[in-house]
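Down below is the structure, laid out as structure tokens.
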2 protein chains.
Amino acid sequence: MASIKDVAAQAGVSVATVSRVLNSHPSVSEEARTRVLAAVDALGYRPNAVARSLRTAQTRTLGLVISDVLNPYFTELARFVEEEARALGYSVIIGNADERPDLQDHHIRTLIDRRIDGLLVSPADGGSPLMREVALSGTPMVFVDRWIPGIDVPVVRADGTGAVKDLVAHLHGLGHRRLAIIAGPAATTTGNERVEAFRDALRELGLALPAAYIGQGDFQAASGRRATEGFLALAEPPEVVFAADNLMALGALDAIRARGLRVPDDIALAAFDDIPWFVHTAPPITAIAQPTADLARAAVRALADLIEGRTPQSVTLPARLVVRRSCGQDATDQRSDR
Amino acid sequence: MASIKDVAAQAGVSVATVSRVLNSHPSVSEEARTRVLAAVDALGYRPNAVARSLRTAQTRTLGLVISDVLNPYFTELARFVEEEARALGYSVIIGNADERPDLQDHHIRTLIDRRIDGLLVSPADGGSPLMREVALSGTPMVFVDRWIPGIDVPVVRADGTGAVKDLVAHLHGLGHRRLAIIAGPAATTTGNERVEAFRDALRELGLALPAAYIGQGDFQAASGRRATEGFLALAEPPEVVFAADNLMALGALDAIRARGLRVPDDIALAAFDDIPWFVHTAPPITAIAQPTADLARAAVRALADLIEGRTPQSVTLPARLVVRRSCGQDATDQRSDR
DNA sequence: ATCGTCTCTGTAATCGATTCCACGGCGTCG
DNA sequence: CGACGCCGTGGAATCGATTACAGAGACGAT
């Protein structure tokens, strides 16, 4: 592959001049410029990003460490992150942690070794020593969706409390009183916050959230299935299952179906995170939708701000309730959303 | 961040010795080794992958250019590709083309500029000049899922002809005679092959595939909706719609629902690509499943073979029919698959 | 004519690694 | 005792860019 030297030779100038042309430095004669450009064209020359990065100490690359790519919510987030990053002139390397802290650390390691300019993380746990070290070391870093208390970096996330309150009101309005939740891992902020929001909303309506109605999940489908089986085996099973993410909702649906029960007639189901498929499940699933694209954009912009020396902003955007038919139907909730 | 020089100084040896220790070169004294290792530890030194890549001319990185990450089939493929690559000591940079040739070229450009060791591509089109140039230039490259005739690189893909034949037989057995297909873009191999397999299977049963029953899609949900609306507006609408990918099936479901029709009573639906959500749609959707994990593994291995100087193998694996309820139910197909 | 200024260009240092080559010391063998 | 080989080590070149610095001309002012 042609290097800058070849271009210089072909154009009859020095490498410095070639470099200047390529970086549109002002002091280059018109004649030299055209000769260099011609040589670049003739040789099909492309600058070596590796060499450039070594010299300039920047890679124009962002690392995105995501809890689970197979979760449609995160897939979508990743997609919008890449889109915004591209608009800002950055590439993105995605590391999929599969909700495993060890994998998460592996990816952070690799990304740091590659000297990415900044790190976007949706942590799968409460923060490894490595993560703290990286944050402290001054590597530009932003948390998205989930964050870690005690690590002082900007956070871009959705606030679900309002939507959860709406959801609980909706359920209450439909006559449901025994509400259960499948929680995410306690080590994640989203795992806790959603339970807390749910508990608070129940309390406001004078309802309790007994321990038996809190299933422990890990944001994966299988755990949703297990937790739901647990609920259904209770002497007094809940009337509603609220899954803290879409995959656990899928698992819950599995478990309910396996028991031969119907949604919403026998048991109601709702989920945090809205995804296109929820419109087409049997029945369409009531969910809390996050503004994924906006979150992604805000996160990338905050990271770029950090990298480029501006002051980044933490951002919290509201999630909203999308009512469908999985919790039963009342007079005011006829319309079906898309 | 500490460099190899700092380590050398701290350990009281030369950078050459440090490098030898780090690369487990044999001729290093035990004493020097321990001193270097201690210094590495003390400084928290991590080799700079950028510098290393520049010198060794390899990045231990694979590029994966995918037609559409939001398509669950490709998401899954990407996940397994990363998994296998990691096992082989490579990182993966994913470029999402969104079925847009220009974006595809952009990603190929960027990846080549970053000097990735090899390229895994699922082309969104019939092959840009850039793609041909890259293939010809000797950059290790492997096609996965889709390929481009005339570009001589290994291809790892699924063969759906058997499964399509099974599907058509299944449909025929249920009494369906008017079968329509929503095709993918003509520029993609999977777009064509699936139509051809469908047509051939129909012919063997003495059925024709009229032009009106071939909808032109682009593997995106919206096109599935449009094509299906077209079918439903015909004087004699088809009894079955077969979507050439899962997103177009989703669109078809939308269109059918919007018309107030029911699946499978009013019209049957089947899809190429099986995804977890198809179990939970209303009704569960009959689909052709590809061995995604095996495809990903085979593709990465072929690419690694190419990179490391071994002889790569093209691989074709059979897809298989998974019968659910979206085409109607007959006596032999009672079981519901997962 | 001399000087200063401005524009353009080239030389060379540099980033952080890897690796070829040479060299010193030591053991072995004739 | 000298020659040879081997082992461990360091010096320095190298990968392909960027960029500080200096120098060569051109040109106008004095």
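All of these numbers come straight from a predicted model, not from anything done at the bench. The figures here come from the full heavy-atom set of this structure, side chains too, leaving out hydrogens, waters and symmetry mates. Note on naming: letters A, B, ... go to the chains in the order of the sequence lines (proteins, then strands), and numbering restarts at 1 for each one.
- Remark: B/Arg109 CZ to B/Arg114 CZ distance equals 14.0 Å, nearest 0.5 Å.
- A salt bridge links A/Glu99 with A/Arg146: the closest approach of a Lys/Arg side-chain nitrogen to an acidic carboxylate oxygen falls below 4.0 angstrom.
- Between A/Lys5 and D/dA17 there is no side-chain polar atom (N or O) within less than 4.0 angstrom of OP1 or OP2.
- Between A/Arg46 and B/Ala16, it is B/Ala16 whose nearest contact on DNA chain D lies nearer the 5' terminus.
- Separating the CZ atom of B/Arg55 from the P atom of D/dA13 is a distance of 13 Å, rounded to the nearest angstrom.
- Residue contacts for B/Thr17: at a heavy-atom cut-off of 4.0 Å it reaches the sugar-phosphate backbone alone, with no base atom in range.
- Across the protein-nucleic acid pair, B/Arg52 atom CZ and C/dT19 atom C1' stand 13 Å apart, rounded to whole Å.
- Salt-bridge formation is not detected for the pair A/Asp145/A/Arg157: no Lys NZ or Arg NE/NH1/NH2 atom is positioned less than 4.0 Å from an Asp or Glu carboxylate oxygen.
- Distance from the side chain of A/Val15 is smallest for D/dT18 among the nucleotides D/dT18, C/dT18, C/dG10.
- Across all strands shown, A/Val13 has heavy atoms under 4.0 Å from sugar-phosphate atoms exclusively, and none from any base.
- Rounded to an integer number of Å, the gap from A/Leu54 CG to C/dT14 P is 14 Å.
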Exercise for the section: Start with the C-alpha gap between A/Arg100 and A/Asp102, add the side-chain angles, then the distance that decides, and say whether salt bridge (charged side-chain N to carboxylate O under 4.0 Å, His left out) holds. Expected result: CA-CA 5 Å; A/Arg100 283 168 45 192; A/Asp102 60 317; 2.9 Å; yes
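- Rounded to a whole Å, the CG atom of B/Asp6 is 8 Å from the P atom of C/dG16.
- In this structure, B/Asp113 places its CG atom 14 Å from P of D/dG16, rounding to the nearest Å.
- Distance check, rounded to the nearest 0.5 Å: OG1 of A/Thr190 to CG of A/Asn192 gives 8.5 Å.
- Using a 4.0 Å cut-off, no side-chain N or O of B/Thr56 falls inside it from OP1 or OP2 of C/dA17.
- The distance between atom CZ of A/Arg35 and atom C1' of C/dT9, rounded to the nearest whole Å, is 11 Å.
- Note on B/Ala32: only backbone sugar-phosphate atoms sit closer than 4.0 angstrom, heavy atoms only; bases stay farther off.
- Closest approach to the B/Ser19 side chain among D/dT19, D/dG8, C/dT19 is made by C/dT19 (side chain taken as heavy atoms from C-beta onward).
- Checking D/dC21, D/dA13, D/dA17 against every side-chain atom of A/Asn48, the shortest atom distance belongs to D/dA17.
- The CG atom of A/Asn48 lies 11.5 Å from the CD1 atom of B/Ile112; values are rounded to the nearest 0.5 Å.
- Listed nucleotides: D/dG16, D/dG10, C/dT18. Nearest to the side chain of B/Ile4: C/dT18.
- Following rounding to the nearest Å, A/His25 (NE2) and D/dT18 (P) show an atom-to-atom distance of 12 Å.
- Place B/Tyr45 and B/Arg20 on DNA chain C by their nearest nucleotides, and B/Tyr45 ends up nearer the 5' end.
- Between B/Ser27 and D/dG8, a side-chain N or O to OP1/OP2 separation shorter than 4.0 Å is absent.
- Residue-level contact check: A/Ser3 touches the backbone only, with heavy atoms under 4.0 Å from sugar-phosphate atoms and none from bases.
- Contact annotation for B/Val18: no contact, since no heavy-atom pair falls under 4.0 Å across all strands.
- If you take CZ of B/Arg115 and P of D/dA17, they are 7 Å apart, rounded to a whole angstrom.
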